[in-house]
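Nothing here was measured: the structure is a model prediction, and the numbers come from that model.
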Amino acid sequence: MSEAPTYEISFMLRRILVPFDGSSLSLKALNIAVDLARHYGSQLTVLYVKVPGETGDPLDLARSAVGKKITNVRYKTIELKENESISSIILKEAVEESYDLIVVGARGKTSYFDLSIGSIPLALAVNSTSSVLIVR
């Protein structure tokens, strides 16, 4: 079985944003985004919004997961400030950097396991000017 074709440039998926918090669904979203970026030649950005007082860096896990699968990837951390929300930071990043697609897990590190979709992916789906792929 031959590998699926890859393209050097896709005008529909030039830039992909993956909000990443280290949760299992954000890791799954990252793996899907890496596959898309590899096949379509997209530039991938993995974004971690750091909440004050939070320890550890989930981008280490992201770097390990991406490895050498693609080379056109960058990792970015933005500190959450007072009167901001994680979703507002992601939306602002998506607009300012002109992302074509946001790939996000359906839930993050929430303790409410009854929720099928979290507030952040819901806010992105409703308010983003970019396409949003929600991964379950």
Side-chain angles (χ1 to χ4, degrees):
M1 185 169 169
S2 65
E3 187 173 330
T6 58
Y7 306 95
E8 290 187 24
I9 295 176
S10 169
F11 294 105
M12 298 193 54
L13 296 177
R14 292 168 296 154
R15 298 173 52 82
I16 300 173
L17 176 65
V18 182
F20 191 81
D21 65 3
S23 65
S24 61
L25 283 177
S26 71
L27 185 58
K28 189 174 179 181
L30 176 60
N31 287 327
I32 290 170
V34 165
D35 189 54
L36 288 169
R38 193 169 62 91
H39 286 291
Y40 293 106
S42 311
Q43 193 266 322
L44 180 67
T45 300
V46 184
L47 173 65
Y48 167 52
V49 179
K50 183 174 174 60
V51 177
E54 198 170 48
T55 59
D57 186 359
L59 291 183
D60 291 337
L61 174 61
R63 285 182 188 93
S64 176
V66 172
K68 296 183 181 188
K69 295 175 188 171
I70 58 171
T71 57
N72 197 7
V73 60
R74 68 182 181 134
Y75 302 90
K76 186 172 186 177
T77 300
I78 298 177
E79 298 271 342
L80 183 67
K81 296 181 184 112
E82 212 173 303
N83 298 323
E84 287 183 320
S85 68
I86 293 172
S87 55
S88 70
I89 289 175
I90 297 167
L91 289 165
K92 182 179 176 186
E93 173 74 10
V95 169
E96 288 179 356
E97 298 293 327
S98 302
Y99 288 97
D100 302 303
L101 177 66
I102 302 171
V103 183
V104 63
R107 291 185 350 179
K109 294 181 174 181
T110 182
S111 60
Y112 300 111
F113 294 105
D114 293 338
L115 295 176
S116 61
I117 187 168
S119 60
I120 293 170
L122 184 59
L124 296 177
V126 170
N127 298 303
S128 180
T129 57
S130 305
S131 294
V132 178
L133 172 60
I134 299 174
V135 177
R136 294 186 187 274

Novice: Could you tell me which residues satisfy side-chain contact (heavy atoms from CB on, under 4.5 Å) with Ser87, sequence neighbours excluded, listed by chain and number?
Specialist: Ser85, Ile120, Ala123

Novice: Please list, chain by chain and in numerical order, all residues satisfying salt bridge (Lys or Arg N to Asp or Glu O under 4.0 Å) with Glu97, sequence neighbours excluded.
Specialist: Arg15, Arg74

Novice: Please check if Val95 and Ile90 belong to a single hydrophobic cluster, counting links between Ile, Leu, Val, Met, Phe, Trp and Tyr side chain heavy atoms closer than 4.5 Å.
Specialist: no

Novice: How far apart are the closest heavy atoms of Gly105 and Ala29, and which atoms are they?
Specialist: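 Nearest heavy atoms, Gly105 then Ala29: N-CB, 3.7 Å.
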
Novice: Before giving the answer on side chain to side chain contact (heavy atoms under 4.5 Å, CB included), spell out for Asn83 and Lys81 the whole-Å C-alpha distance, their side-chain angles and the decisive distance to 0.1 Å.
Specialist: CA-CA 6 Å; Asn83 298 323; Lys81 296 181 184 112; over 6 Å; no

Novice: Keeping to residues at least two apart or across chains, list the side chain to side chain donor-acceptor pair (under 3.5 Å) pairs with something in residues 127-136.
Specialist: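 Side chain to side chain donor-acceptor pair (under 3.5 Å) check on residues 127-136 returns no pairs.
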
Novice: For Ala33, enumerate each residue passing the side-chain contact (heavy atoms from CB on, under 4.5 Å) test, keeping only those at least two apart in sequence or located in another chain.
Specialist: Ile16, Val18, Leu44, Val103

Novice: Name every donor-acceptor pair, under 3.5 Å, that has one atom in a side chain of residues 60-71 and the other anywhere in the protein, sequence neighbours excluded.
Specialist:
{"unit_1": "Asp60", "atom_1": "OD1", "unit_2": "Arg63", "atom_2": "NH1", "d": "3.4"}
{"unit_1": "Arg63", "atom_1": "NH1", "unit_2": "Leu59", "atom_2": "O", "d": "3.4"}
{"unit_1": "Lys69", "atom_1": "NZ", "unit_2": "Ala65", "atom_2": "O", "d": "3.2"}

Novice: Using the test salt bridge (Lys or Arg N to Asp or Glu O under 4.0 Å), find all partners of Asp57 that sit at least two apart in sequence or belong to another chain.
Specialist: none

Novice: To the closest 0.5 Å, what do you measure between OH (Tyr48) and CG (Leu80)?
Specialist: 10.0 Å

Novice: Among residues at least two apart in sequence or on other chains, which ones pass side-chain contact (heavy atoms from CB on, under 4.5 Å) with Glu79?
Specialist: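 By the side-chain contact (heavy atoms from CB on, under 4.5 Å) rule, Glu79 matches Lys50.
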
Novice: Hey, is Glu93 close enough to Lys76 for a salt bridge, meaning N to O under 4.0 Å?
Specialist: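 A salt bridge is present here (some side-chain N lies under 4.0 Å from a carboxylate O).
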
Novice: Taking all non-hydrogen atoms of both residues into account, name the closest pair between Phe20 and Pro58 and its distance.
Specialist: CE2-O, 3.1 Å

Novice: Find the distance between CG (Leu36) and CG (Leu101) and round it off to the nearest 0.5 Å.
Specialist: 6.5 Å

Novice: Please report the shortest heavy-atom distance between Gly22 and Ser26, naming the atom on each side.
Specialist: N-OG, 3.2 Å

Novice: To the nearest 0.5 Å, tell me how far Leu25 CG sits from Leu30 CG.
Specialist: 12.5 Å

Novice: Grab the two heavy atoms, one from Arg107 and one from Ser23, that are nearest each other, plus how far apart they are.
Specialist: O-OG, 3.8 Å

Novice: If you compare all heavy atoms of Thr45 against all heavy atoms of Gln43, which two are closest, and at what distance to 0.1 Å?
Specialist: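 It is OG1-NE2, 3.4 Å.
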
Novice: Provide the closest heavy-atom pair for Met12 versus Asp100 in the form atom of the first, atom of the second, distance.
Specialist: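 Met12 and Asp100 have their closest heavy atoms at O-CB, 3.3 Å.
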
Novice: Residues in side-chain contact (heavy atoms from CB on, under 4.5 Å) with Val126, at least two apart?
Specialist: Leu122

Novice: Give, for atom CG of Asn31 and atom CG of Leu27, the distance between the pair rounded to the nearest 0.5 Å.
Specialist: 5.0 Å

Novice: Is any side-chain heavy atom of Val132 less than 4.5 Å from a side-chain heavy atom of Pro121?
Specialist: no

Novice: Rounded to the nearest 0.5 Å, what separates atom CG in Asn72 from atom CZ in Arg14?
Specialist: 13.0 Å

Novice: Distance check, rounded to the nearest 0.5 Å: Leu17 atom CG versus Leu47 atom CG?
Specialist: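 Reported to 0.5 Å precision, the distance equals 5.5 Å.
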
